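Everything below concerns the one structure shown next.
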Amino acid sequence: MNFASDNAWGAHPAVLKALSDCNEGAVGSYGADPVTARAEAAIRDLLDAPQAVVRFVATGTAANALACSQLSPGWGRVYCHETAHIHCDECSATEFYSQGAKLVPIAGAAGRIAPEALRTALRAGDTGKLNDGRNALVSITNATEWGTIYGPAEVAAIARVAHEAGVPLHMDGARFANAVAALGCQAADLVTRAGVDALCLGGTKNGALAAEAVVFLDPAHARDFDYRRQRSGHVWSKQRFLAAQMLALLTDGLWLKLAGHANRLASHLGQGVVRAGGSLTVPVEANEVFVRLPAEAHARAVAHGAIYHRWQDGPCEPGAPVAVRLVTSWATRDEDVDRFLDLIG
């Protein structure tokens, strides 16, 4: 009963087979190999973006930090939600790789930025004063850190505000598969057709061993990115082992099947918690479940080996409901969800 994170689980067998398959023989290094070429083409097809520049890295932090620093100079202002991973969980990586960009957090319900709040923040930052730096980038996360989702129209509205202000839009897609699976739309609807300029397409949380893709929809935005990635130490000599993982996930829609499984179990968890007397902190839209468990139910679950994170937003009085986060993955078992719900029921 491990609901701590979708990072806690291993790689899907198809990914491991792809790694084994591409281990045979010798090919070109540093991405000059047929596996990388096929994986890049698969992502361009997925996003209906034939001109897109696709590059692979091994971690989500590297993907976000390199993409954001590519789009923002050191004197830039990067606007994001106040709970965004780039702001709260990546140890100032964006600031480090950009050599000083300032992250500007924006409040918003359930992990999402409202277009008007973004417009207000961008106008406030557009002072024209040398001391203030300049607006450089907007970053959103889909699915968000609260497990909620921006639909195509919502992404497009954010993109319009960003572009009206003269700045590009970056999407942290560590759980992009969960968003697409939940919405039932095409991936391009959330990216290319919605006006996103750069996407960090996650694989690690969805069945990969370690694989993320940085995608620039306009090749002009990727100018000299290869130097940035190389200088940061994120170019693998045996690049095919990154690309093979992503290619395996995208083959025959596996990435969406895995995300759909995680989403389904998250929905089941959320409904079960409510039936057991708990409450949802935010609606369950992807594979993260934020709930308040009755204190007794929380104690029983932990005593019987359930693993998850407390997500307290304030002091917890004795006997008060306990705020927690439950995360399901491609490998979460139905029986573990059922056992957890039996324990808290």
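Treat the numbers as computed from the prediction; the structure is a model and nothing was measured.
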| Should Phe241 and Val235 be regarded as members of a common hydrophobic cluster, given that ILVMFWY residues are connected when their side-chain heavy atoms come within less than 4.5 Å of each other, either directly or indirectly? | no
Residues pairing under salt bridge (Lys or Arg N to Asp or Glu O under 4.0 Å) where one sits in residues 42-54, two or more places apart or in two chains, turn out to be Asp48-Arg193
Looking only at heavy atoms, the pair that brings Gly345 and Ala276 closest together is CA-CB, 3.9 Å
Here the pair of heavy atoms bringing Ala143 nearest to Ile149 is CB-CG1, 4.2 Å
Inset, instruction - For Asp33 and Thr36, run side-chain hydrogen bond (donor to acceptor under 3.5 Å, both in side chains): C-alpha distance rounded to whole Å, both residues' side-chain angles, the deciding distance at 0.1 Å, then the answer. - result: CA-CA 6 Å; Asp33 65 86; Thr36 296; 2.8 Å; yes
*asked:* Under a 3.5 Å distance rule, please check whether Ser92 uses its side chain to pair with a backbone N or O of Phe96 as donor and acceptor.
replied: no
Check: Does the side chain of Leu190 come within less than 4.5 Å of Val196's, by heavy atoms?
Finding: no
Test side-chain hydrogen bond (donor to acceptor under 3.5 Å, both in side chains) on Asn135 and Asp126 and set out the steps. CA-CA 6 Å; Asn135 293 342; Asp126 189 20; 4.8 Å; no
dist Leu66:CG -> Arg228:CZ (nearest 0.5 Å) comes out at 7.5 Å
- What's the verdict on side-chain contact (heavy atoms from CB on, under 4.5 Å) for Arg160 and Ile158, showing C-alpha distance, side-chain angles and the deciding distance? CA-CA 5 Å; Arg160 281 193 298 272; Ile158 292 288; over 6 Å; no
* Are His87 and Tyr79 an aromatic pair by the rule of ring centers under 6.0 Å? -> no
Which of Asn263, Asn206, Thr328, Asp6 passes side chain to side chain donor-acceptor pair (under 3.5 Å) with Asn287? Answer is Asp6
How far apart are the C-alpha atoms of Phe290 and Leu280, what are their side-chain angles, what is the distance that settles it, and do they pass the side-chain contact (heavy atoms from CB on, under 4.5 Å) test?
CA-CA 6 Å; Phe290 291 88; Leu280 298 177; over 6 Å; no
| side-chain contact (heavy atoms from CB on, under 4.5 Å) evaluation trace for Leu293 with Ile344 | CA-CA 8 Å; Leu293 293 175; Ile344 67 170; 4.1 Å; yes
*For the pair Asp189 (side chain) and Gln186 (backbone), establish whether a donor and an acceptor sit closer than 3.5 Å, ignoring hydrogens and angles.*
yes
message: Before you tell me yes or no, could you show the steps for Glu95 and Lys102 under salt bridge (charged side-chain N to carboxylate O under 4.0 Å, His left out), namely the whole-Å CA-CA distance, both residues' side-chain angles and the distance that decides it to 0.1 Å?
response: CA-CA 7 Å; Glu95 295 96 316; Lys102 179 179 178 63; over 6 Å; no
- Query: In terms of hydrophobic clustering (I, L, V, M, F, W, Y; side-chain heavy atoms under 4.5 Å; direct or indirect links), are Ile106 and Ile86 co-clustered?
  - Reply: no
Short question: side chain of Ser232, backbone of Arg229 - any donor-acceptor pair under 3.5 Å? yes
Is there a salt bridge (charged side-chain N to carboxylate O under 4.0 Å, His left out) between Asp334 and Arg339? Walk through the geometry before answering.
CA-CA 9 Å; Asp334 288 72; Arg339 184 181 175 213; over 6 Å; no
task = Check the hydrophobic clustering (I, L, V, M, F, W, Y; side-chain heavy atoms under 4.5 Å; chains of links allowed) and say if Val191 and Leu71 are grouped together.
result = no
In short, ring pair (Phe, Tyr, Trp, His ring centres under 6.0 Å) pairs touching residues 205-238 with sequence neighbours left out are Phe216-Phe225
> Out of curiosity, does Leu19 fall in the hydrophobic cluster containing Val35 (side-chain heavy atoms, cut-off under 4.5 Å, transitive links)?
Replying inline: no
Hydrophobic cluster membership, Val180 vs Leu169, 4.5 Å side-chain cutoff
yes
* Asked: Got a donor-acceptor contact below 3.5 angstrom from the Glu288 side chain to the Arg325 backbone?
  -> no
Practice prompt. Please work out whether the ring planes of Phe340 and Phe3 are parallel, tilted or perpendicular, with thresholds of 30° and 60°.
Written response: perpendicular
Check for a donor-acceptor pair, side chain of His298 on one end and backbone N or O of Pro294 on the other, with a separation under 3.5 Å. no
Can any side-chain N or O of Gln70 pair as donor or acceptor with the backbone N or O of Arg223 at less than 3.5 Å?
-> yes
Closer than 3.5 angstrom, by distance alone: can the side chain of Tyr150 be matched with the main-chain N or O of Ile113 as a donor-acceptor pair?
yes
Sorted by chain and residue number, the side-chain hydrogen bond (donor to acceptor under 3.5 Å, both in side chains) partners of Ser139 (sequence neighbours excluded) come out as His170
key: Validation row: His81, Thr144 side chains within 4.5 angstrom (heavy atoms)   = no
Q. Should we say atom CD of Gln51 is surrounded by more than 12 heavy atoms from elsewhere, each under 6.0 Å from it?
A. no
Open item on the list: Test your reading of the model: is there a side-chain donor-acceptor pair from Thr204 to the backbone of Ala211, 3.5 Å cut-off?
Closed with: yes
